Amino acid sequence: MRLARADNQPPATLAPTPESPRPQNRSMSAPSTAPPATVSPLSPGPTVAALLADAQPGDSAVVRGWVRTRRDSKAGLSFVELNDGSCLSNLQLVLPHDLPDFAERATPITTGASLVATGEIVASQGKNQRVELRVSDFAVPGGADPDRYPLQKKRHSFEYLREIAHLRPRSNTFGAVARVRNRLSHAIHEFFQDRGFLWAHTPIITTNDCEGAGEVFTVTALQAAKLAEAAAGGDFVRDFFGKHAGLTVSGQLEAEVYATSLGPTYTFGPTFRAENSNTPRHLAEFWMIEPEVPFCDLEGDMDLAEAFVKTTVAEVRARCEEDMAFFAQRIDKTLPQTLDAIADHAFVRLPYTEAIDLLKSSGESFEYPVEWGHDLQTEHERFLTETHFKRPVIVHDYPVGIKPFYMRVNEPDEQGRETVRAMDVLVPRVGEIVGGSQREEREDVLVARMKAQGIDPASLWWYVELRTYGSVPHAGFGLGLERLVQLVTGMQNVRDVIPFPRTPGHAEF
RNA sequence: UCCCCGGUAGCUCAAUGGCAGAGCGAGCGGCUGUUAACCGCUAGGUUGUAGGUUCGAGUCCUACCCGGGGAGCCA
C-alpha cells in the first residue's frame, strides 16, 4: 500500500518533501507520495552532476529529468537512465517492480519521457557507475510515444538532428556543445572583465551601410508596396528611422566610440550577414566578440588575441572535462593535440609579405596563384596553419588594396608596396578565427581612404570626429563565437554549435 | 551564387535496366543487477517531386525541390 511507504527517505534537498502539501504540484496522475513535478529554482536540490560527483550511499535524493533509456530485468527491477542536462552522464535509477501499481505506472517510462523520482542513493552493483538511485516513488509528467518520438536510443546523423532542432539538445553531442558554449561565453566575459574591459552594448539596428562587411538585412516598418517604392528610389525618409536601416554586421565602429572614452571595451552579441553563403563555416546570424583598445598598436592587439584564445580554451578544458573527453573520443580524435598546440606554443607571427614568400617557395602546387597583393586563399591559409606550422598563425600587415578603410596605413616598404596594420589569426581546421587591425587614427589619412573606397565621410561624420577630437592610436579585432566553439569541440559544421542556426532558407525554429 | 556528390522502411545504408533488402530503432515473447544488453517473432515502402526513354526504371535522360562537401564572401 502506497501510504505505508511514506516513511521512506525524505529528499535531501531543500525542496518540499513529498509529504508536504504543495498546491502547485501539477504532476499528472502523481500519487500523493510521488515527488512533485515542480521545485523552487532557488533551491532545486542536487543535479545529476552533483549526485554523481558527491552523493554518498544512504543519501536521499529527488531527481527530475528525461529518460534516455530503460532496461527491464526479470529479476524484478527496471533500470532507467535519467539525464537532466547538468552533465553528459546519466544517473541510473533502479525501480523495484514491487512498487505499488508498478507495471501500469511504469508503462510511460520510455525514451524521451520526463520523470521525477525520489529514493535513496546506493552504491551501484553494476560496473559503469559509482552510485545509483534506488527509487521509492516516481511520476511521469509527460510521456513520449515510442512509435513517434524522433530520438531513438541509437546514434543519429547531425544532418538528421538539424531537422529536429527542438529535440537535438537532448542528445549527448548537442548537450555537450550547449554546456561548452555556455562555459566559453562565461570565460569570455571573465577574460575581459578580469582585465578591466567594459562590455558595451552596441546596437543591433544600425544605419551604417558602408562598413564593407557584407550584405545587410534591411530593417523596415514600411508595408511591402511602400518598401518597394523606397528601395527603388533609394529614399527611406518615410521609413521608421528616416533613412535606410539594417541589422548590424559589426559593432566595431560603435565600440571605437566607447573605447576612446572609457578605455578598453568589448562587444559580445549577435551579428547578421545576408550573404548567400553555404558552407560549414558561415551563418546568417552569429555571435561576435569585438574588443577595442585605446592607446594600443597592432602588436598589443595580437598579444590580446593570442591571450584571449589561449585563456578561454584553457578555461573550457579545465571546467568541462567530461564534455571535452567526449569530444576527443567521439568527435575528433586529434582534438587534444590541436588544443595542446594552442596552449604550449606561441602563435606564429608572420608578415603577409613573408607569408607570400613562404608559400611561393613551399613547392606546393596551389590551385590559386600566390601573388603579392592578392588575398590569401583558403588553401593557402590551411597550408600555413595545418601543414607548415601545425599551430595557430597570425598573418599581419596585409596589402592596402584588399583591406577596409579603417585600418592604419603603414609607410611603403623599400619596393614602394603599401600595407595596412591588419592581422588574421588562422587556426587548424577552422581557418580564420580572428580578424583585426590597428585603426587609422589620423583624420586626413582616414578621410582620404574613405573617399578612395567610395564612402562619403559625411555619412560617418561621428566616426571621423573621433579623430578630430583627442584621437589616439587604437586597435581591436572581431572573433566569431561559433568558430571558437568549433575549435574547442572539434565540431565540423558551424550549424551544429549554435542552438538554432540561421542559413539561407532556414529559420524554422 | 558556382562546381561535385547524394535523396530507397522511423534512423543509417544495400540492391548488373528484370521479385525492394539488411542493420539499428519500434511492438510482442524469452532471458538477464541491466548498462551500445542478449535471443526469437512481427509490423513497417507511391524508392524526393513532375515528366520522359524502355516490353520492363530504385537504376537511364530532363527539370525542379531538399541535403552534404568544395569555392567565393567572411567571423
Side-chain angles (χ1 to χ4, degrees), chain A residues 68-82 89-97 107 110-112 122-129 132 134 144-164 171-172 211-215 249-252 267 270-290 305 330 366-368 375-379 381-382 402-404 424-427 430-436 477-487 492-498 503-506:
Chain A
R68 283 295 175 78
T69 180
R70 167 181 176 175
R71 297 175 293 272
D72 293 319
S73 166
K74 283 301 184 292
L77 298 169
S78 287
F79 298 92
V80 172
E81 292 201 35
L82 193 78
S89 294
N90 306 317
L91 178 67
Q92 174 160 287
L93 312 184
V94 183
L95 285 70
H97 289 181
T107 300
T110 58
T111 300
V122 297
S124 180
Q125 298 174 35
K127 291 194 176 78
N128 295 350
Q129 57 280 318
E132 61 198 20
R134 190 155 191 103
D145 182 352
D147 281 334
R148 295 192 299 143
Y149 186 59
L151 277 175
Q152 304 168 353
K153 55 184 210 187
K154 54 169 288 191
R155 296 185 73 167
H156 290 292
S157 67
F158 293 147
E159 292 80 10
Y160 172 69
L161 290 169
R162 251 172 247 153
E163 296 169 7
I164 50 169
S171 66
N172 286 337
E211 293 173 18
E215 296 296 317
V249 296
S250 166
Q252 178 201 318
T267 73
T271 306
F272 308 87
R273 306 265 167 98
E275 303 283 354
N276 191 7
S277 295
N278 258 303
T279 85
R281 298 182 304 281
H282 290 87
L283 292 165
E285 175 182 299
F286 63 100
W287 284 61
M288 192 153 66
I289 298 108
E290 294 175 290
R330 303 293 284 271
F366 295 111
E367 187 183 344
Y368 292 86
D375 212 348
L376 297 180
Q377 299 290 319
T378 296
E379 58 175 342
E381 296 179 346
R382 292 180 72 106
I402 57 174
K403 291 292 181 183
D424 286 349
V425 179
L426 313 175
V427 296
V430 178
E432 182 182 340
I433 197 168
V434 168
F477 61 80
L479 178 141
L481 174 65
E482 285 74 21
R483 290 189 182 172
L484 190 58
V485 178
Q486 280 188 270
L487 176 67
Q492 295 198 335
N493 196 312
V494 73
R495 297 163 199 154
D496 298 328
V497 297
I498 187 168
T503 52
H506 293 279

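The chains referred to below are lettered A, B, ... by the order of the sequence lines, with proteins before strands, and numbering in each begins at 1. Keep in mind the model is a prediction, meaning the values are calculated, not measured.
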Between [M] and [N], how far apart are the [atom1] atoms? Round to whole Å, please.
N: G25(B); M: C41(B); atom1: P; answer: 16 Å
N: U49(B); M: A9(B); atom1: P; answer: 11 Å
N: C4(B); M: C64(B); atom1: P; answer: 14 Å
N: G51(B); M: U12(B); atom1: C1'; answer: 31 Å
N: C61(B); M: A43(B); atom1: C1'; answer: 37 Å
N: U53(B); M: A63(B); atom1: C1'; answer: 15 Å
N: A20(B); M: A15(B); atom1: C1'; answer: 8 Å
N: U59(B); M: G70(B); atom1: P; answer: 29 Å

[X] side chain: which of [options] is closest?
X: Phe79(A); options: G72(B), U1(B), U34(B); answer: U34(B)
X: Ser124(A); options: G72(B), G70(B), U34(B); answer: U34(B)
X: Pro280(A); options: A71(B), G69(B), U35(B); answer: G69(B)
X: Thr279(A); options: G70(B), A71(B), G67(B); answer: A71(B)

Under the salt bridge (charged side-chain N to carboxylate O under 4.0 Å, His left out) test, residues paired with [X] that sit two or more places apart:
X: Asp145(A); value: Arg148(A)
X: Arg281(A); value: none
X: Glu482(A); value: Arg181(A)

With [X], which residues qualify under side-chain contact (heavy atoms from CB on, under 4.5 Å), at least two apart?
X: Tyr368(A); answer: Gln377(A), Glu379(A), His380(A)
X: Asn90(A); answer: Arg68(A), Glu81(A), Asn83(A)
X: Pro146(A); answer: Thr110(A)
X: Lys153(A); answer: Thr69(A), Thr111(A)

What I want to check is whether an N or O donor and acceptor connect the side chain of [X] with the base of [N] at under 3.5 Å.
X: Ser277(A); N: C74(B); result: no
X: Gln125(A); N: U34(B); result: no
X: Glu132(A); N: G33(B); result: yes

Of Leu283(A) and Glu367(A), the one whose closest RNA chain B nucleotide lies more 5':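 Taking each residue's closest nucleotide, the earlier one in sequence belongs to Glu367(A).
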Earlier contact from the 5' end, RNA chain B, for Tyr368(A) and Val434(A): Tyr368(A)
Between His282(A) and Thr503(A): side-chain donor-acceptor atoms closer than 3.5 Å: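 Their side chains do not contain a donor-acceptor pair, so the 3.5 Å distance test is not met.
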Sugar-phosphate, base or nothing in reach of Arg162(A), heavy atoms under 4.0 Å: sugar-phosphate
Sugar-phosphate, base or nothing in reach of Gly126(A), heavy atoms under 4.0 Å: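 The answer is base, as Gly126(A) lies within the cut-off (heavy atoms under 4.0 Å) of a base atom.
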How long is the line joining [atom1] of [X] and [atom2] of [N], in whole Å?
X: Asn276(A); N: C2(B); atom1: CG; atom2: C1'; result: 11 Å
X: Gln252(A); N: C74(B); atom1: CD; atom2: P; result: 14 Å
X: Asn278(A); N: C3(B); atom1: CG; atom2: C1'; result: 13 Å
X: Asp375(A); N: A71(B); atom1: CG; atom2: C1'; result: 14 Å
X: Leu376(A); N: C74(B); atom1: CG; atom2: P; result: 12 Å
X: Leu77(A); N: U34(B); atom1: CG; atom2: P; result: 10 Å
X: Arg70(A); N: A26(B); atom1: CZ; atom2: P; result: 12 Å
X: Phe477(A); N: C74(B); atom1: CZ; atom2: C1'; result: 17 Å

Using nucleotides 36-39 of chain B, report all nitrogen or oxygen pairs with the protein that are shorter than 3.5 Å.
{"unit_1": "A36(B)", "atom_1": "OP2", "unit_2": "Asn128(A)", "atom_2": "ND2", "d": "3.4"}

Ring pair (Phe, Tyr, Trp, His ring centres under 6.0 Å) involving His506(A) - partner list, sequence neighbours excluded: none
Heavy-atom side-chain contact between Phe158(A) and Arg495(A) under 4.5 Å: no
Intra- and inter-strand pairs of RNA chain B in dot-bracket (Watson-Crick or G-U wobble, both distances under 3.5 Å; | for another strand): (((((((..((((....[..)))).(((((.......))))).....(((((..]....))))))))))))....
For Pro150(A) against Ile164(A), the heavy-atom pair lying closest together: CB-CD1, 4.0 Å
Side chain to side chain donor-acceptor pair (under 3.5 Å) partners for Glu381(A), two or more places apart: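 None.
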Presence of Asn493(A) side-chain N/O under 4.0 Å of G69(B) phosphate oxygens OP1/OP2: yes
Side-chain N or O of Arg495(A) closer than 4.0 Å to phosphate OP1/OP2 of G68(B): yes
Intermediate values then yes/no, side-chain contact (heavy atoms from CB on, under 4.5 Å), Arg71(A) and Gln92(A): CA-CA 10 Å; Arg71(A) 297 175 293 272; Gln92(A) 174 160 287; 3.2 Å; yes
Worked verdict on Leu93(A) versus Phe79(A) for side-chain contact (heavy atoms from CB on, under 4.5 Å): CA-CA 6 Å; Leu93(A) 312 184; Phe79(A) 298 92; over 6 Å; no
Annotated protein contacts, base or backbone, on nucleotides 4-14 of chain B with a non-hydrogen cut-off under 4.0 Å, one of B, S, - each: ------BBS--
